[in-house]
Amino acid sequence: LEHSPGLDASGSAHSEKNTPNSLEIETPKPQGVDAVSVLWTFGKCLGALLPVYLAGYYRVSTSLLVFGLMVYTGWKHSREAKEARLRSAIHHNDNEQQYSDMKMFKSKKDLPAWVNFPDVEKVEWLNKILQQVWPFVGQYLEKLLVETIAPSIRASSTHLQTLTFTKVDFGDKAMKVVGVKAHTENERGQVLLDVYISYVGNVEINVEVKRYFCKAGVKGIQLHGMMRVILEPLIGDVPIVGAVTMFFIRRPKLDINWTGLTNLLDIPGLNIMSDTMIMDAIASHLVLPNRLTVPLVADLHVAQLRSPLPRGVVRIHLLEADDLPAKDNYIKGVIAGLSDPYALCRVGPQTFTSHVVDNTVCPKWGEMYEVIVHEVPGQELEVEVYDKDPDQDDFLGRTKIDLGIVKKSTVVDEWFTLKETKSGRVHFRLEWLVLLPNTEQLEQVCICILPIIIFLPKLMLQQYEMKKGNKEPSPMVQLSVQDITRESRTCWTTINPEWEDAFTFFIPDPRKQSIDIQVKDNDRIQTLGTLSIPLSRLLSSPNLSLDQWFQLDKSGPASRIYINTVLRVRTGSSSQSQPTELTEEPSPPETLPTHTNPSPSFGSEGLLRIHLLEAQNLIAKDNLMGGLKKGKSDPYVKINIGGVMFKSHVIKENLHPIWNEMYEVCMEGAGQEVKVELYDKDMDKDDFLGRALVWYSADLKKSGKEPKAGAELALGKTTYRTKVCDRTHSPQWDEAFYFLVRDPKEEMLIVKVSGCLSVIAMGSLVVPIRELLLEPDLVLDQWLHLDGASPDSQILLRAELKILDSKMVELIGQGTLPCTAGNCGQVKLSLSYASKEKKLTIAVHACRDLESSSKDGLDTYISLMLLPDKTKATKKKTSVKKRDLNPEYNERFEFDLSVEEARRRRLSVSVKNSSASFRSSDIIGQVSLELAQIDLASGVTEW
């Protein structure tokens with residue numbers, strides 16, 4: 001045969017490797033019609049017909065002709081058989097190693113783990129014990145289903161209140177342990193075992209929901225996988241082992257034979273699920289970080305065993321790939337293309353997906369991820385590479401990397417060959433980062449919130465009963481750090497829940513962020529209590545941890561929550577260096593001032609009270625019957641002073657409206673412009689009726705201002721926070737704040753010290769405003785003791801009360817003019833600017849204390865606008881939250897702006913009611929922020 005000159009040595013080897021016989025290489029077909037080949041074909045046909053013509057011409061016997069044909073046929077058959085045997089011999093000779101490896105792999109697939117891995121031991125004695133105790137295990141599981149799990153399912157949904165287990169039988173086939181591997185390179189005080197289990201059980205469980213006449217069940221379960229068993233702590237007393245912890249490092253193979261599942265999924269509340277979703281949910285609860293801990297001795301801290309600190313953090317650098325298979329074809333495979341590869345990296349439940357690189361088999365990603373490692377040895381980095389397609393992505397290969405090797409080497413920078421594919425490899429750089437209990441390195445911080453236990457008082461239960469009768473709440477906890485929110489499991493119908501759940505967060509800067517905790521009912525609407533813990537408090541705590549009870553806000557006086565919060569700083573060093581203890585000479589005691597030295601501007605703020613009474617002779621903007629009949633107007637007023645916006649109610653069909661509304665705002669300085677605008681409320685766009693500018697020269701006496709010392713100062717619905725001082729036993733803030741006091745006999749000033757203090761306990765102080773009425777000149781200026789702190793903890797506070805002197809006081813007291821509160825609630829925002837992407841990022845977290853005249857609450861959403869432009873690109877809005885006066889949005893918006901342009905903008909935030917009619921006002925409240933006054937580079941998160 002003629003060999004093609006276009007094939008080089010590598011191409012020939014590749015062809016011989018992928019074809020059973022190198023002699024069967026097809027020669028390329030000639031292009032066009034060759035005259036020589038036509039003549040050659042004609043000559044062969046003539047040569048075949050010539051013997052027939054000659055035999056007939058000379059009258060040769062037919063039997064002789066048949067005999068010659070039989071001899072030729074036999075010779076050709078023998079030749080083809082010899083060639084087939086030769087091709088088979090060449091094929092087996094070239095692929096002998098591959099053939100033997102394939103046969104060995106097929107045989108190993110059906111063998112237990114102790115045959116394939118020499119360090120895995122066979123434990124037939126354990127299987128014999130399991131076979132004998134299996135009936136009693138079945139009795140325990142049956143009792144667990146009927147007495148514990150069934151009541152929890154019935155309490156979780158009103159649709160499942162009639163659920164019962166009619167039959168529970170775990171069969172006679174016991175679970176088998178295929179092999180056990182004992183680890184010797186582990187920490188002292190524990191025994192680490194890898195148990196390879198295989199369970200093919202004849203389980204039969206039947207469930208009935210009488211309310212919907214539904215019957216379903218399970219008939220057969222299969223479970224195969226490797227389970228990690230940890231025996232710790234080891235104690236010097238019987239039974240030697242304090243507890244047993246079990247979990248799957250990798251997701252096991254789970255197969256459940258359902259009966260009547262279609263009927264069960266027709267029940268309301270379950271109709272959004274499928275059998276695949278149920279299987280995934282069950283399997284995920286068996287895998288890390290979920291652990292099953294069984295204590296064997298009393299007084300054991302089970303929470304630390306169920307939720308231990310992570311072993312470390314692995315930084316994954318996904319750099320590039322090489323020689324990937326080309327999967328894209330064009331014109332139905334006539335033209336071979338390339339691939340659009342992307343990588344999928346997975347460590348336990350943590351999954352990362354790279355971006356897609358188009359039209360290449362050698363992509364360069366250059367991406368970095370950080371994953372938390374809970375168990376080493378055991379956990380692996382699983383990598384899968386795919387080709388992005390419009391319909392279904394093509395598989396390009398996979399590989400696994402043992403993270404135990406990364407821990408030993410600290411840094412691994414290698415190419416890893418992809419398996420289950422013809423060619424391809426991936427380049428990774430892996431770094432092991434150790435978590436240290438010191439603050440020497442703060443470029444990235446890992447926060448682990450461990451056991452959570454909460455006790456709700458009887459008072460909170462009574463408040464809950466007003467809405468849901470005698471039913472106890474089913475509390476759950478939402479924890480938020482910046483834009484990330486995690487939820488605990490729900491403890492059903494109890495006022496003393498215990499969660500013992502663990503959560504992990506990555507924190508860029510613990511000095512400026514806090515952990516926001518909300519305890520809610522399982523419907524996520526009813527809030528049972530809130531708490532905010534500044535992360536800067538952890539920096540001054542011993543071992544960077546807080547393990548104590550915290551008082552809940554917006555709850556009963558005895559509502560507390562127990563939280564163990566641990567801060568760890570990740571570092572690239574493989575050895576955990578302990579911080580050097582420095583001995584300092586005791587400094588002489590500081591001389592504390594006896595009173596404050598306020599600046600001349602302290603207490604200079606004033607209260608501006610605006611009374612909107614009436615208007616006359618307004619323009620009629622409404623037209624009836626297509627303009628044939630002149631109508632009136634539906635006027636309302638907008639008042640803007642110093643960035644504070646007020647809006648009156650709408651008066652329908654009136655050119656001489658009377659509002660009789662009043663607004664109050666605290667102002668600094670004596671000169672300010674008041675901008676008044678009138679509009680006619682319409683269905684589409686409101687018509688402009690007029691504008692007025694008023695300058696006031698205030699000669700008003702000041703009212704309601706209080707300085708704040710500590711982390712948080714609150715009076716009524718208004719809350720302020722001071723700056724966080726450096727670590728010291730005597731922090732100094734020198735900041736002033738003011739409040740509006742409506743009733744000095746009833747209102748109280750609450751000061752909570754939660755800054756960067758050396759004292760562990762939080763300090764708080766309550767100052768009744770009525771005490772200021774007894775002080776000379778209505779000024780309180782002295783040292784006050786903090787409650788809940790050390791006995792020597794004091795705070796120097798100056799509080800000055802100013803009483804408003806106005807002729808309108810009598811009118812308000814008589815009820816002639818309404819007193820409208822200017823505070824309609826609060827909104828929590830996060831603002832930051834990314835210099836590289838040139839994007840302004842605004843995160844809308846939540847609102848609180850919104851006011852509503854309706855008993856059903858409000859359907860609220862938040863509108864954002866970057867003024868002075870009012871284009872579509874500068875307007876954003878959140879989704880609508882139904883019937884909630886404390887809605888949570890947690891939505892993020894980005895604006896493409898340069899840093900100079902962002903500083904010239906003013907952010908207008910409006911909380912609106914989507915259920916308002918077109919004739920009434922839809923704005924609940926507004927706030928305006930000058931971006932030039934905000935440190936966008938560092939970012940800010942505030943109410």
Could you give me the CA-CA distance, side-chain angles and deciding distance for Phe247 and Ile249, then say whether side chain to side chain contact (heavy atoms under 4.5 Å, CB included) is met?
CA-CA 6 Å; Phe247 54 87; Ile249 294 181; 3.8 Å; yes
Applying side chain to side chain contact (heavy atoms under 4.5 Å, CB included) to Ile372 and His374, what does each step give before you reach the verdict?
CA-CA 6 Å; Ile372 298 171; His374 295 275; 4.0 Å; yes
Mind running side chain to side chain contact (heavy atoms under 4.5 Å, CB included) on Glu431 and His317 for me, showing each step along the way?
CA-CA 8 Å; Glu431 302 176 21; His317 296 271; 3.2 Å; yes
Between Phe170 and Ile205, does a side chain to side chain contact (heavy atoms under 4.5 Å, CB included) hold up when you go through it step by step?
CA-CA 8 Å; Phe170 283 87; Ile205 302 175; 4.3 Å; yes
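The structure places OH of Tyr196 at 13.5 Å from OG of Ser198, a figure rounded to the nearest 0.5 Å. To the nearest 0.5 angstrom, Leu254 atom CG is 6.0 Å from Leu223 atom CG. The CG atom of Leu344 lies 6.0 Å from the CD atom of Glu384; values are rounded to the nearest 0.5 Å. In this structure, NZ in Lys327 is found 6.0 Å from CG in Asp394, a value given to the nearest 0.5 Å. With values rounded to the nearest 0.5 angstrom, Glu901 atom CD is found 11.0 Å from Lys838 atom NZ. Interatomic distance, Thr360 OG1 to Leu324 CG, rounded to the nearest 0.5 Å: 8.0 Å.
Residues passing the ring pair (Phe, Tyr, Trp, His ring centres under 6.0 Å) test with His427, sequence neighbours excluded: Trp415. Among residues two or more places apart in sequence or in another chain, the side-chain hydrogen bond (donor to acceptor under 3.5 Å, both in side chains) test is passed with Gln222 by none. For the ring pair (Phe, Tyr, Trp, His ring centres under 6.0 Å) test, residues two or more places apart in sequence or in another chain that qualify with Phe352 are Tyr369. With sequence neighbours excluded, no residue forms a salt bridge (charged side-chain N to carboxylate O under 4.0 Å, His left out) with Lys875. Listed by chain and number, the residues in a salt bridge (charged side-chain N to carboxylate O under 4.0 Å, His left out) with Lys877 amount to none (sequence neighbours excluded). Residues passing the side-chain hydrogen bond (donor to acceptor under 3.5 Å, both in side chains) test with Arg486, sequence neighbours excluded: none. Residues passing the salt bridge (charged side-chain N to carboxylate O under 4.0 Å, His left out) test with Arg228, sequence neighbours excluded: Asp194, Glu375. By the side chain to side chain contact (heavy atoms under 4.5 Å, CB included) test, Lys76 is found to be paired with Tyr72, Glu80, residues two or more places apart in sequence or in another chain being considered. Applying the side-chain hydrogen bond (donor to acceptor under 3.5 Å, both in side chains) rule to Tyr342 yields the partners Asp393; only residues at least two apart in sequence or on another chain are considered. Trp365 pairs by the side-chain hydrogen bond (donor to acceptor under 3.5 Å, both in side chains) definition with Ser354, not counting sequence neighbours. A search for ring pair (Phe, Tyr, Trp, His ring centres under 6.0 Å) contacts involving Phe395 returns Tyr386, not counting sequence neighbours.
In terms of heavy atoms, Asp328 sits closest to Ser339 at OD2-CA, 3.6 Å. Closest non-hydrogen pair, Val376 versus Arg311, comes out as N-CG, 4.2 Å. Contact record, Asp340 with Val356: O-CG1, 3.6 Å, taken as the closest heavy-atom pair. When every heavy atom of Asp322 is checked against every heavy atom of Cys362, the shortest pair comes out as OD1-SG, 3.1 Å. Here the shortest heavy-atom pairing between Thr417 and Arg425 reads CA-CB, 4.0 Å. Residue Leu396 comes nearest to Pro325 through the heavy atom pair CD2-O, 3.8 Å, listed as atom of the first residue, atom of the second, then distance.
Salt bridge annotation for Glu83-Arg79: present, with a cationic side-chain nitrogen under 4.0 angstrom from a carboxylate oxygen. The existence of a salt bridge linking Lys219 and Glu204 is excluded, since no basic side-chain nitrogen approaches an acidic carboxylate oxygen closer than 4.0 Å.
Between the side chain of Arg315 and the backbone N or O of Arg429, no donor-acceptor pair lies under 3.5 Å. Judged purely by atom type and a 3.5 angstrom limit, Asp896 has no side-chain atom pairing as donor or acceptor with the backbone of Lys839. Side-chain N or O atoms of Gln379 include none that pairs as donor or acceptor with a backbone N or O of Leu403 at under 3.5 Å. Thr259 places a side-chain N or O within donor-acceptor distance of the main-chain N or O of Gly217, the cut-off being under 3.5 Å.
Residues Val200 and His224 meet the side-chain proximity criterion, which asks for heavy atoms closer than 4.5 Å. At a threshold of 4.5 Å between non-hydrogen side-chain atoms, the residues Asn206 and Lys215 do not count as touching. Looking at Leu318 and Val426, their side chains come closer than 4.5 Å, going by heavy atoms from C-beta outward. Residues Glu894 and Glu837 form no side-chain contact, since every pair of their non-hydrogen atoms from C-beta on lies 4.5 Å or further apart. In this structure, Phe428 and Cys345 have side chains that are in contact, with non-hydrogen atoms separated by less than 4.5 Å.
Every pair passing side-chain hydrogen bond (donor to acceptor under 3.5 Å, both in side chains) that includes a residue from residues 169-180 is listed here, sequence neighbours excluded: Asp172-Asn202.
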